[in-house]
Amino acid sequence: MKIGVIGLGYVGLTTALTFAKLGFKVYGNDKDKDKLEKLKKGICPIYEPGLDELLAEMLEKNQIEFLEDITETIRISDVIFICVGTPTNPDGSPDLSQVEEVSKIIAENLNGYKLIVEKSTVPVQTAQWIKRTIKLYSNEDANFDVASNPEFLREGSALYDTFNPDRIVIGVENERAKEILLKIYEKINAPKIITDVNTAEIIKHASNAFLAMKISFINMVADLCEKTGADIKKVAEGMGYDKRIGREFLNAGIGYGGYCFPKDVKAFYYIGKSYGLDFSLLEAVERINNSRIDRVMEKLKNALWNLKNKKIAIWGLSFKPNTDDIREAPSIKIVKKLLEEGSIVSAYDPKAIENFKKLFPNIIYGKDKYEVLENANALLIITEWDEFKNVDFEKIKKLMRTHIIVDGRNIFECEEVLKYKFEYYPIGRSCY
Ligand code: UGA
């Protein structure tokens with residue numbers, strides 16, 4: 001079985017390499033020619049643990065080929081995974097033009113039976129639209145099926161997640177499509193949920209929206225903890241022992257970012273609304289998330305009075321640890337606000353500085369976590385990279401002008417920081 005993967009972003013590239021590793025011959029295609037050139041040379045365009053090595057291995061074994069020509073990719077493949085982007089339109093609806101475009105090209109290049117699988121996150125009924133589009137633009141005797149097989153990998157642990165998923169969702173219309181997808185995932189040990197395509201599409205959007213809701217919920221409760229002197233970490237622990245709730249995704253902080261949650265919460269809200277349903281719960285999820293930025297700014301102002309000409313050192317720019325991705329990262333909004341206030345911003349991130357420089361070429365960047373602290377009035381922790389968790393507080397103290405830490409990810413315990421006479425302001429709990 002030959003597998004074509006169209007769109008080589010986080011999901012597409014990881015999927016392509018996973019299938020190659022599982023022993024299938026994979027053809028990857030992307031409209032970005034620079035990216036393809038890099039991939040052919042074994043250069044991974046994104047930072048993701050383990051991906052570089054797997055790319056080298058699969059190229060070496062000739063399990064994967066990167067093709068510039070999308071029509072060739074389609075014609076050569078038995079199964080085609082659509083992994084193109086589904087960004088947000090200004091009104092919050094998902095922009096599916098790339099999915100449509102690929103569907104049309106597939107239609108024009110059908111040469112024998114093919115299974116078309118949507119992997120990108122899409123609104124319910126997109127598979128029906130793909131099917132209709134292929135029918136409209138191909139010959140009457142076109143022989144194909146459309147399936148939905150959403151991806152649940154997380155950036156920063158993408159490979160681990162694809163090889164060890166909690167579940168594999170297979171949305172199909174018939175036995176033939178089901179058997180093909182089961183064959184592809186044969187070697188992956190995970191529960192396989194076989195369902196219709198509409199259900200599969202909703203499972204993906206509902207999962208992301210639910211996780212985002214968990215985060216906004218705990219952030220809402222964190223605000224109450226701050227007002228009342230309670231401790232959000234303990235609240236989350238106490239709630240999390242309940243198996244029905246679970247401890248994961250109850251970390252209060254600066255809120256969710258990244259390419260998926262902000263976009264998917266908006267899209268799911270839009271979809272519900274477009275059917276005349278009350279999805280306002282998700283509107284609140286988004287509103288609470290957006291207000292996290294103001295809460296952090298408030299903390300800085302409460303500690304420093306005026307932010308003008310104050311040097312704020314930032315640890316962490318990526319939207320989460322173990323990635324260089326800064327799409328919809330809270331750091332972008334915070335740095336913008338700090339610059340508006342007239343602050344001097346110095347920032348360090350283990351992987352995301354190059355990406356951040358494209359947006360903010362004129363702030364100060366440090367080569368390590370300590371360099372940015374020189375003469376700083378406050379340290380603001382935005383991303384919880386491991387290297388920020390073990391630090392030399394004596395050294396930090398010597399470097400900083402005033403000893404204030406605003407911890408947007410709750411990585412320290414009060415006692416350990418107060419011991420060194422820092423002022424420490426975490427989220428949803430107070431040290432005083
Ligand atoms: C998310 C989902 O977790 C994946 O299952 C899904 O496949 C993916 O979106 C997608 O649709 O492609 P990802 O965005 O890579 O994955 O990262 P997460 O680990 O989910 O984190 C998302 C955001 O939530 C981050 O900004 C993170 O800092 C924040 N977060 C997470 C919290 O603020 N608190 C938490 O307790 C957990």
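First listed ligand is number 1; within each ligand, the first listed atom is number 1.
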Ligand 1 contacted by G253 (non-hydrogen, < 4.0 Å):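 Not so, G253 does not reach ligand 1.
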message: At under 4.0 Å between heavy atoms, is it the side chain or the backbone of L153 that contacts ligand 1, or both, or neither?
response: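 Only the backbone of L153 comes within reach of ligand 1.
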Region of N251 engaging ligand 1 - heavy atom pairs below 4.0 Å: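 Both backbone and side chain of N251 come within 4.0 Å of ligand 1.
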How far is [atom] from the closest protein heavy atom, and which atom is that?
atom: atom 32 (C) of ligand 1; value: I215 CD1, 3.6 Å
atom: atom 1 (C) of ligand 1; value: F261 CE2, 3.5 Å
atom: atom 23 (C) of ligand 1; value: Y256 CB, 3.6 Å
atom: atom 3 (O) of ligand 1; value: R154 CG, 3.4 Å

query: Among E328, K204, K320, whose heavy atom sits nearest atom 17 (O) of ligand 1?
result: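 Considering heavy atoms of E328, K204, K320, the nearest to atom 17 (O) of ligand 1 sits in K320.
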- prompt: Hey, looking at atom 20 (O) of ligand 1, which of F319, Y10, F152, F249 has the closest heavy atom?
  reply: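 Among F319, Y10, F152, F249, the closest heavy atom to atom 20 (O) of ligand 1 belongs to F249.
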Using a strict cut-off of 4.0 Å, indicate which atoms of ligand 1 neighbour a heavy atom of [X].
X: R409; value: 28 (O), 33 (O)
X: E155; value: 15 (O)
X: C260; value: 8 (C), 9 (O), 10 (C), 11 (O), 12 (O)

message: Does this structure show an ion pair linking E416 with K419, if we count only N-O contacts that are shorter than 4.0 Å?
response: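 Between K419 and E416 there is no salt bridge, as every charged N stays at least 4.0 Å from the carboxylate O atoms.
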- prompt: Are R292 and D223 close enough for a salt bridge, meaning some N to O gap below 4.0 Å?
  reply: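 Yes, this pair counts.
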field: Sub-4.5 Å side-chain heavy-atom contact between D349 and W315
entry: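 SC-SC contact between D349 and W315 ruled out.
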- prompt: N/O to N/O below 3.5 Å, does that happen between G257 and ligand 1?
  reply: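 In this structure, G257 places an N or O atom under 3.5 Å from an N or O of ligand 1.
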- prompt: Less than 3.5 Å between some nitrogen or oxygen of N208 and one of ligand 1, yes or no?
  reply: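 For ligand 1, there is an N or O atom that lies under 3.5 Å from one belonging to N208.
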task: Starting from the C-alpha separation in whole Å, work towards a yes-or-no answer on side chain to side chain donor-acceptor pair (under 3.5 Å) for N377 and K311.
output: CA-CA 5 Å; N377 295 92; K311 183 172 177 183; over 6 Å; no
query: Ring centres of F393 and F412 under 6.0 Å apart?
result: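 Under 6.0 Å, so yes.
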With a cut-off of under 6.0 Å to the ring centre and 45° to the axis, is [X] in cation-pi contact with [Y]?
X: K299; Y: Y425; result: no
X: K357; Y: Y365; result: yes
X: K263; Y: Y259; result: yes

query: Once you round to the nearest 0.5 Å, how far does CH2 of W129 lie from CD1 of I134?
result: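 It comes to 14.0 Å.
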